[in-house]
Amino acid sequence: MKFESQVVHAGDRKRVTSDAVPATTPISLGTTFYYETAERLDRIFGQEESGPSYSRYSSPTNDALEELTSVLEQGHGSLACASGMAALQIAFQAALLDRKRTVLASHAIYGATVKMLDQVFAPSGVEVRYLDICDTAAVAAAIEKYKPGVVFLESVSNPLLRVGEIDRIAGLSRDAGACLIVDSTFATPMLMKPLTLGANIVVHSATKYLAGHGDVLGGVVIADQEHFETVRMLSRIVGPVLGPFESYLTMRGIKTLAVRFERQCANACKLASWLSSHPAVERVYYPADPQHPDAETIRRLFARNLFGGIVSFELKGLDRAKVMQFMNRLKMIVPGTSLGDVHSLMLYPVIASHRDVSPKMRERMGISDALLRISCGIESADDIIFDLDQAIGLSSEL
Ligand SMILES: Cc1ncc(COP(=O)(O)O)c(C=O)c1O
C-alpha cells in the first residue's frame, strides 16, 4: 500500500482474534461495518441476520446501552436517542402510526412536552386533550368519550410530583386499544417499572438520573414487543439516535445509578422535612408526605422505601423578582435547569421548564410564581440545607 493509502487504512478494522473481551463496553465510533462476504452483508441489510451494518441502524456501544436499559425497565427492546425529547417524539409517532390520532395527556407534564404536543403534533392533525391524570374516574370517562390512540403521563410529574394510577390506567387503555406511554424520567426504574404495570412504552430523558453527571444529552425509548418493532423501524428511517460517546457516558453513569439515587432520595427526604417546618415556606411537595394527594397510589406503586430525589416548594409571599434574588444567593446549589445530577440543582419552573406554557395552563397545572424545584445531588444533606437556610434567611430580610 502506498503511504496515502496507509494513512487511511493501517491499524483499522482489526479483527478480535483472541478470546479477550473488554470488561467495559468501549466507545465504538465507526459508522460502517463490513463482513467477510457481500452475501452476509446482504442478509444483515435485509435483517435476516442480526449485526451492525450502519450506525443509524445499530452500533455496538448503543446496542450495549439499549440492552442495559431494556433489562432495567423489563422491556422487549430499547432505542437510545439523541435527547429525551427525541425519544418522546419517536414514542408518540410509533404509537400513533396505526391508531386514532388523538392523545389523552396528563396536564401535569414537562413544558416542552406540552409544546411538542401542541406545536408539532396538533398542527399535523393530532387532537390533544389534557386532563387530571390522578383522577382515574375522569381518565376512564375521557377514554370512553374520546377513544384516544395514546394515553400519556409522567410516572412522577414535573414539577409537582403527582403520581397517577398507572396500573389502572394501563388496564383502561388496553381495553380501549390505546397505547399507554409513560415518561419515567423522575422515577427512574428504581421507583417503578411502568412496563410491568401494563404500560406499553416507557421514555426517559437519560440526560437526568440515568447519565447523572450533567455531561450527556440523551434519551431512551423502551417498549413492549408490540411497539418495539415500529420504534426501531422509525428510527432506522429518521435516525434520531444517540452518538456512541454519549452512549458510553450514559452506561458509565448507570453503573452508579443505584448508589447515587439512594443518596439523592435520602437527601430529598431530609430536605422535605426541614422545609416543612421552615416558617418562610408556604408548601412542600414530596411523595413521602402522608398528606400527599396521591399518597395511596404512591404506597401501592413505588417499589422500595424510596420517594425520589426531587422536592418542590413555595416560598411565602415572594414575587418573581424576589425569588430570583433568593436564587442569586445560593452558594453551592446550582441555579439552573435540568435535574438528576450529582450536584444539587435549583430550578424556577416559570422561567425555565414551564416558561413557554401559557399562564392559564400553568395555573391549571398548579405552577405559581412562588414555586421552586430542587433536585438533590449526592452532597451532604447538611450542606444542601445550610445553603438553602442562608439563602432563605437573607431573602426574608429583603
Ligand atoms: C420529565 C422530562 N421529560 C423529558 C425531558 C426532555 O429531556 P431532554 O432535555 O433530554 O430532551 C425533560 C427535560 O427536562 C423532563 O424533565
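Every number for a ligand or one of its atoms is a count from 1 in the order of the listing.
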Under 3.5 Å: N or O atoms of ligand 1 paired with protein N or O:
| from | atom 1 | to | atom 2 | distance (Å) |
| --- | --- | --- | --- | --- |
| ligand 1 | 3 (N) | D183 | OD2 | 2.6 |
| ligand 1 | 7 (O) | S205 | OG | 3.0 |
| ligand 1 | 10 (O) | G84 | N | 2.9 |
| ligand 1 | 10 (O) | S205 | OG | 2.8 |
| ligand 1 | 10 (O) | T207 | OG1 | 2.6 |
| ligand 1 | 11 (O) | G84 | N | 3.0 |
| ligand 1 | 11 (O) | M85 | N | 2.9 |
| ligand 1 | 14 (O) | K208 | NZ | 3.0 |
| ligand 1 | 16 (O) | N158 | ND2 | 3.2 |

* Tell me whether the centres of the aromatic rings in F152 and F92 are closer together than 6.0 Å. => yes
* Does R168 have any salt bridge (Lys or Arg N to Asp or Glu O under 4.0 Å) partners at least two apart in sequence or in another chain, and if so, which? -> E165
* State, without any angle test, whether S78 and T69 hold a side-chain donor-acceptor pair at a distance under 3.5 Å. => yes
* Asked: Can you pull the side chain to side chain donor-acceptor pair (under 3.5 Å) pairs that have at least one residue in residues 266-276, sequence neighbours excluded?
  -> none
* Structure fact -> Sorted by chain and residue number, the salt bridge (Lys or Arg N to Asp or Glu O under 4.0 Å) partners of R252 (sequence neighbours excluded) come out as none
* Output, in order, the C-alpha distance, side-chain angles, deciding distance and verdict of salt bridge (charged side-chain N to carboxylate O under 4.0 Å, His left out) for R129 and E127. => CA-CA 7 Å; R129 302 263 169 194; E127 184 189 12; 2.7 Å; yes
